[in-house]
Amino acid sequence: MPATARKIDFGHGNQRAELPLLEPTLGPPMIDTRRLREETGCWAYDPSFGETGACRSAITYVDGDEGVLLYRGYPIDQLVERCDYLDVCWLLLNGDLPSAAQKAKFTDDITHHTMVNEQLHAIYRGFRRDSHPMAVMCGVVGALAAFYHDSLDIFDPRHRLIASHRLIAKMPTIAAMAYKYSLGQPFIYPRNDLGYAENFLHMLFAVPCEPYRAPAAAVRALEALLIIQADHEQNASTSAMRLVGSTRANPYAATAAAIAALWGPLHGGANEAVLQTLAEIGSVERIPEMLRRAKDKDDPFRLSGFGHRVYKSYDPRAKVLRPLCSELLAALGKEDPLLTLAMELERIALEDPYFVERKLYPNVDFYSGIIFRALGLPPAMFTPVFAVARTVGWVAHWNEMMTDPETRIVRPRQLYVGPEERPVVAVEKRREHAPLVG
Ligand code: ACO
């Protein structure tokens with residue numbers, strides 16, 4: 001990070017304070033508020049951190065107004081076009097694209113960590129068959145810590161590297177096992193002769209009784225989806241990873257927390273919700289009625305797949321995925337009425353003043369659901385695949401955090417609005433009051 005460039009004035013009542021201004025490589029400068037209380041007697045209030053930087057990072061850059069997404073400086077569309085997922089994993093972890101030799105070694109390392117301990121199979125059997133695969137993944141990934149006592153020293157760079165490789169390599173196996181378990185089918189072991197995306201499709205869709213070869217178009221589409229979802233700077237799940245990691249918990253526990261955060265319908269769970277929304281809309285004729293509902297503040301219905309905390313223009317990931325949907329469906333010889341419906345919904349919404357004024361554009365989840373469906377995955381598996389893709393982002397941020405001398409345990413302040421200090425009253429003298437919970 002470039003050094004402090006200049007100071008700014010900060011006013012509070014009659015007090016004035018000078019706070020340093022930090023200059024990033026790209027994007028607006030940030031006021032360093034770490035001495036805010038000392039200088040002004042006040043803390044900063046920013047629930048949900050909409051205006052606050054929680055760390056410095058050199059991994060991903062997002063310009064929400066211009067619709068720009070860069071991984072380590074490289075535009076997302078070029079990465080999708082010219083790289084595979086393991087190139088991007090290396091890039092996110094190590095700062096630049098790998099040389100041929102580095103790529104070969106990395107591919108070998110990841111490939112040789114894809115199997116899970118056989119004992120882990122027993123954990124799956126403890127779940128109901130109809131469990132949501134994200135519930136299974138939270139549990140199983142957290143449980144990985146119990147298998148690797150020998151390499152849990154988070155201050156040892158070698159241990160961090162092994163844990164990072166294990167997580168990236170095993171996550172497709174764990175997600176595919178969750179899927180197979182839900183179907184009552186046998187687990188399919190990874191195949192070392194296949195690439196990352198192709199092996200993932202193999203573990204998801206192969207059965208022992210017949211040969212399976214993933215269609216080339218499906219491999220390409222999954223590769224693109226994995227790349228597009230690999231990182232997105234300080235999103236909710238990455239922030240969860242950093243928060244839990246800042247307590248010095250092990251990376252498997254932190255990743256389980258990140259998976260839990262990703263599960264929510266306002267975050268990774270939105271891709272599942274998009275298809276529910278499209279199914280609920282049902283036909284082009286019903287779009288105006290559903291748009292009316294989405295705009296009605298008294299109606300909890302929201303148009304899933306529209307809007308983003310950061311993007312106030314077309315999400316660059318949705319831009320890449322939109323044509324990919326049609327390409328994949330054509331290559332697989334499939335038609336999906338939901339794609340036609342989605343494109344029409346986008347067209348109508350983007351002409352509607354409500355969406356235009358609020359800068360609500362389709363986000364990554366709007367089209368990813370159509371691709372997942374074309375790949376043959378049920379909605380419950382959309383977010384687990386997203387978790388597989390995002391694991392490298394979580395791991396890259398965790399590594400960055402672990403080597404940043406500024407890292408401290410994450411511990412926000414609060415604006416206390418409860419009662420002032422008061423004495424405890426004996427039970428027979430207490431008055432009945434409305435409970436806050438229940
Ligand atoms: N449908 C209808 N109205 C919406 C939508 C939507 N999908 N999204 C935002 N709005 C409205 C809000 O009601 C608000 O209106 P107001 O100013 O009249 O009160 C305005 O647009 C601003 O929205 P906020 O909720 O304040 O924006 P915020 O940044 O807090 O939320 C979020 C962003 C959570 C993504 C939101 O747009 C949303 O709920 N979208 C649907 C869920 C979704 O697609 N999530 C996936 C995000 S991508 C990802 O996580 C990988």
Side-chain angles (χ1 to χ4, degrees), residues 46-52 60 62-65 67 69 71 76 134 224-241 258-281 286-322 338 342 345-346 348-372 379 382-394 397:
D46 181 19
S48 78
F49 305 121
E51 302 287 323
T52 302
T60 290
V62 176
D63 182 335
D65 294 326
L69 171 58
Y71 291 167
I76 191 68
M134 286 298 276
L225 264 180
L226 293 174
I227 292 173
I228 271 172
Q229 296 181 326
D231 192 44
H232 209 241
E233 46 119 313
Q234 309 307 322
N235 57 87
S237 55
T238 303
S239 298
M241 179 88 186
I259 293 172
L262 189 75
W263 192 358
L266 294 189
H267 188 17
N271 51 23
E272 197 177 331
V274 169
L275 282 203
Q276 280 159 9
T277 299
L278 289 174
E280 208 176 329
I281 295 174
R286 290 197 63 215
I287 291 176
E289 178 199 335
M290 298 309 265
L291 283 186
R292 251 194 317 279
R293 283 191 58 196
K295 295 186 282 186
D296 180 354
K297 297 290 171 216
D298 297 326
D299 190 326
F301 177 77
R302 271 198 163 188
L303 215 49
S304 286
F306 270 81
H308 195 273
R309 170 56 61 84
V310 177
Y311 290 118
K312 302 302 170 196
S313 64
Y314 209 103
D315 185 331
R317 302 166 298 174
K319 209 177 268 175
V320 175
L321 289 186
R322 195 180 194 269
L338 287 193
L345 177 61
E346 177 189 324
I348 297 175
L350 294 187
E351 286 173 359
D352 188 305
Y354 175 95
F355 288 84
V356 175
E357 280 158 21
R358 288 168 181 76
K359 299 183 177 163
L360 300 171
Y361 292 86
N363 59 45
V364 64
D365 292 318
F366 192 65
Y367 286 109
S368 64
I370 309 264
I371 295 187
F372 284 132
F382 296 177
T383 319
V385 178
F386 191 167
V388 170
R390 185 56 60 86
T391 296
V392 68
W394 295 331
H397 280 271

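In listed order, ligands and their atoms are each counted from 1.
- At a distance under 4.0 Å, no protein heavy atom can be found next to atom 27 (O) of ligand 1.
- Leu360 and Leu350 get closest at one heavy-atom pair: O-CD2, 3.6 Å.
- Proximity of His308 to ligand 1, defined as any heavy-atom pair under 4.0 Å, is shared by backbone and side chain alike.
- For the pair Ser48 and Arg309, the minimum side-chain heavy-atom distance is below 4.5 Å.
- The N/O atoms of Arg317, backbone and side chain alike, include none that comes under 3.5 Å of an N/O atom in ligand 1.
- Nearest protein heavy-atom contact of atom 41 (C) of ligand 1 is Phe306 O, 3.5 Å.
- When all heavy atoms of Gly393 and Asp231 are compared, the pair lying nearest together is CA-OD1, 3.5 Å.
- Of all protein heavy atoms, the one lying nearest to atom 9 (C) of ligand 1 is Leu360 CD2, 3.4 Å.
- Among the candidates Phe386, Tyr367, Phe382, the single residue satisfying the ring pair (Phe, Tyr, Trp, His ring centres under 6.0 Å) test with Phe372 is Phe382.
- Here is the list of ligand 1 atoms found below 4.0 Å of a heavy atom in Asp365: 46 (C), 48 (S), 49 (C), 51 (C).
- With ligand atoms numbered from 1 in the order given, ligand 1 contributes 51 (C) to contacts under 4.0 Å with heavy atoms of Phe386.
- The shortest non-hydrogen separation linking Asn363 to His308 is CB-CD2, 4.4 Å.
- For ligand 1 and Arg309, the ligand atoms under 4.0 Å from any heavy atom of the residue are 28 (P), 29 (O), 30 (O), 33 (C).
- By the definition of a contact as any protein heavy atom under 4.0 Å away, atom 48 (S) of ligand 1 is in contact.
- Side-chain atoms of Asn235 come within 3.5 Å of backbone N or O of Glu233 as a donor-acceptor pair.
- Under the 30°/60° scheme for interplanar angles, the aromatic rings of His232 and Tyr311 are found to be tilted.
- For atom 42 (C) of ligand 1, the closest heavy atom belonging to the protein is Pro265 O, 4.1 Å.
- What sits closest to atom 32 (C) of ligand 1 on the protein, heavy atoms only, is Arg302 NH1, 4.5 Å.
- Looking at Ala349, Ser368, Ala236, Ala294 and measuring to atom 2 (C) of ligand 1, the nearest heavy atom belongs to Ala294.
- Between Lys295 and Phe355, the shortest heavy-atom distance links the atoms CG-CE1, 4.2 Å.
- Nearest protein heavy-atom contact of atom 3 (N) of ligand 1 is Tyr354 OH, 2.9 Å.
- No donor-acceptor pair under 3.5 Å is formed between the side chain of Thr238 and the backbone N or O of Gln234.
- Contacts of Leu303 with ligand 1, taken as heavy-atom pairs under 4.0 Å, involve both backbone and side chain.
- Distance screen at 4.0 Å: atom 35 (C) of ligand 1 has a protein heavy-atom neighbour inside the cut-off.
- Contact annotation for Leu266 and ligand 1: heavy atoms of both the backbone and the side chain come within less than 4.0 Å of the ligand.
- The closest side-chain heavy-atom distance from Leu225 to Val385 is not below 4.5 Å.
- Nearest heavy-atom pair across Asp365 and Asn271 is OD1-CB, 3.5 Å.
- The contact set between ligand 1 and Gly305, taken as ligand atoms under 4.0 Å from a residue heavy atom, comprises 43 (C), 44 (O).
- Distances below 4.0 Å separate heavy atoms of Ala270 from the following atoms of ligand 1: 43 (C), 44 (O), 45 (N), 46 (C).
- Annotation: atom 14 (C) of ligand 1 to nearest protein heavy atom, Lys297 NZ, 4.1 Å.
- In this structure, the side chain of Ser237 does not engage the main chain of Ile259 through any donor-acceptor pair within 3.5 Å.
- Glu346 and Phe306 make their closest contact through CA-CZ, 3.9 Å (heavy atoms, listed as atom of the first residue, atom of the second, distance).
- Rounding to the nearest 0.5 Å places OG1 of Thr383 at 12.0 Å from CZ of Arg390.
- Nearest protein heavy-atom contact of atom 20 (C) of ligand 1 is Arg358 CD, 3.7 Å.
- Between atom 50 (O) of ligand 1 and the options Arg390, His232, His267, the minimum heavy-atom separation is to His267.
- Within the 4.0 Å heavy-atom criterion, neither part of Val274 lies near ligand 1.
- Close approach to Gly307 involves these atoms of ligand 1, each under 4.0 Å from a residue heavy atom: 35 (C), 37 (O).
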